[in-house]
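Below you'll find the structure, written out as structure tokens, and then a few comments.
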Amino acid sequence: MPVNILFAARPEQWKIYENPLKSALSEVGVTANLALDMAPDAVDYMVYAPDSAVQDFTPYTRLKAVLNLWAGVENIVGNQTLQVPLARMVDHGLTQGMVEWVTGHVLRHHLGMDAHITKQDGVWRKTIPPLAEDRPVTVLGLGVLGQACSKALSCLGFPVTGWGRRQRDVPGITCLSGDDGLRAALQSAEILVLLLPLTTETENLLNAERLALLPKGAMIVNPGRGPLIDDDALLGALDAGHIAHATLDVFRVEPLPPAHPYWAHPRVTVTPHIASETRPITAARVIIENVRRGEAGEPFLHLVDRSKGY
Ligand code: NAP
């Protein structure tokens, strides 16, 4: 019998995902009805984006799993009507995109590129940056994206410290955990990259006290989630000159309102949540592999731990 897969994301996403999902289904030999609309009590799997119209899962009585199109799950993980396994997106394209965005912005700050790009004023100013090996970088979050970015930065020569909830062992990376680990990770960070998920524990993690631990002149790159940072504390640290620059891709309110002080701040770069996108062809394969696993009675990949919130 064919499995019924509901595509519960914004309709414009359907145009992007329909063909990749159908190709991925035929690649693994799963016969399925894949549709934008279907009777709730017929749905076996839901391909889901948290901005979907579906917020109450109660009518989906036959549902076996929800397969999220996004890596971040903060808008669905606490939904009490969802009682089946929830998988988040782990996708080669998403990871590679994040590695490219993070290394690009870290190199921009490390090399001081802005001085030559934005100040073509006829003055011959020679500023020689240190070598990467003399520029300690810290990555908060050592999950799929944090590890991939840490390894890429380490390959470029940066001494990389990574921090996460559990103690990890990643070759070439100084791995830390716990409160003392966070303190040490911040104290050494000339460039700080945030790749934590948003949970009740990580909200406002980068507050005034922790910003003060960073070395004077540190630069921050945040492609994680906006509420990881206390915005007022960051603006204060930027205005005081303690933080030299913040490149922010994610915000408490998105799109970032035009009047928000970040837009006009000379030491802030705003990018519109473009650090990395789920790539339909590779992501469709990940989603359909989970459907195949569900039908074969095998464990799902990339399950969210609802108790931890990510
Ligand atoms: P992941 O694999 O789940 O990794 C999360 C990492 O954060 C893990 O290392 C985890 O520690 C750590 N962590 C979670 N809570 C913690 C806490 N309370 N204290 C210390 N460490 C904690 O997630 P991912 O795939 O790397 O994605 C990370 C985030 O990137 C996503 O949640 C999303 O918000 C963001 N993202 C942004 C974009 C964009 O375009 N801007 C795109 C994709 C993703 P453990 O290692 O101990 O589990």
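Both ligands and their constituent atoms are indexed starting at 1 by order of listing. One is the number of the first residue; the rest follow in order along the sequence.
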Given [options], which one has a non-hydrogen atom that is nearest to [atom]?
atom: atom 46 (O) of ligand 1; options: Arg165, Arg168, Glu74; result: Arg168
atom: atom 28 (C) of ligand 1; options: Leu195, Val144, Leu142; result: Leu195
atom: atom 5 (C) of ligand 1; options: Gly224, Gly141, Pro197, Pro272; result: Pro197
atom: atom 33 (C) of ligand 1; options: Arg225, Met89, His302, His273; result: Arg225

Look at [atom] and say which protein heavy atom is nearest, naming residue and atom and giving the distance to 0.1 Å.
atom: atom 47 (O) of ligand 1; result: Arg166 N, 2.7 Å
atom: atom 37 (C) of ligand 1; result: Pro223 O, 3.0 Å
atom: atom 15 (N) of ligand 1; result: Tyr310 CE2, 3.5 Å
atom: atom 4 (O) of ligand 1; result: Gly143 CA, 3.1 Å
atom: atom 13 (N) of ligand 1; result: Leu196 CD2, 3.6 Å
atom: atom 18 (N) of ligand 1; result: Glu201 OE1, 3.0 Å

In short, side chain to side chain donor-acceptor pair (under 3.5 Å) pairs touching residues 179-191 with sequence neighbours left out are Arg135-Glu190
Side chains of [Y] and [X]: any donor to acceptor distance under 3.5 Å?
X: Thr282; Y: Asp91; result: yes
X: Asn33; Y: Asn4; result: yes
X: His265; Y: Asp239; result: yes
X: Tyr45; Y: Glu295; result: yes
X: Arg267; Y: Tyr262; result: no

Output yes when the distance from some N or O of ligand 1 to some N or O of [X] is under 3.5 Å, and no in every other case.
X: Leu145; value: yes
X: Asp249; value: yes
X: Trp163; value: no

At under 4.0 Å between heavy atoms, what of Leu198 touches ligand 1? The answer is neither
Quick look: Leu140 vs ligand 1, heavy-atom contacts under 4.0 Å, and the answer is neither
Any [X] side-chain heavy atom under 4.5 Å of [Y] side chain:
X: Leu192; Y: Leu140; value: yes
X: Phe158; Y: Asp134; value: no
X: Phe7; Y: Leu69; value: yes

Under 4.0 Å from a heavy atom of [X]: give me the atoms of ligand 1 that qualify, with their elements.
X: Ala71; answer: 43 (C), 44 (C)
X: Ser276; answer: 39 (C), 40 (O), 42 (C)
X: Arg88; answer: 1 (P), 2 (O), 3 (O), 23 (O), 24 (P), 25 (O)
X: Met98; answer: 37 (C), 38 (C), 39 (C), 42 (C)
X: Thr202; answer: 15 (N), 16 (C), 17 (C), 18 (N)
X: Val250; answer: 41 (N)

Please determine whether salt bridge (charged side-chain N to carboxylate O under 4.0 Å, His left out) holds for the pair Glu201 and Arg165, giving the CA-CA distance in whole Å, both sets of side-chain angles, and the decisive distance to 0.1 Å. CA-CA 10 Å; Glu201 286 178 23; Arg165 178 196 285 267; 3.4 Å; yes
Show the numbers, then the answer: is there a salt bridge (charged side-chain N to carboxylate O under 4.0 Å, His left out) between Arg285 and Glu289? CA-CA 6 Å; Arg285 291 195 185 115; Glu289 170 60 11; over 6 Å; no
Closest heavy-atom pair, Ala71 versus Leu94, reported as atoms and distance to 0.1 Å, is CB-CD2, 3.7 Å
So for Thr199, does at least one of its heavy atoms come nearer than 4.0 angstrom to any atom of ligand 1? no
Discussion item. Quick check on Asp305: does its CG atom have over 12 non-hydrogen neighbours (other residues, nucleotides or ligands) under 6.0 Å away?
Written reply: yes
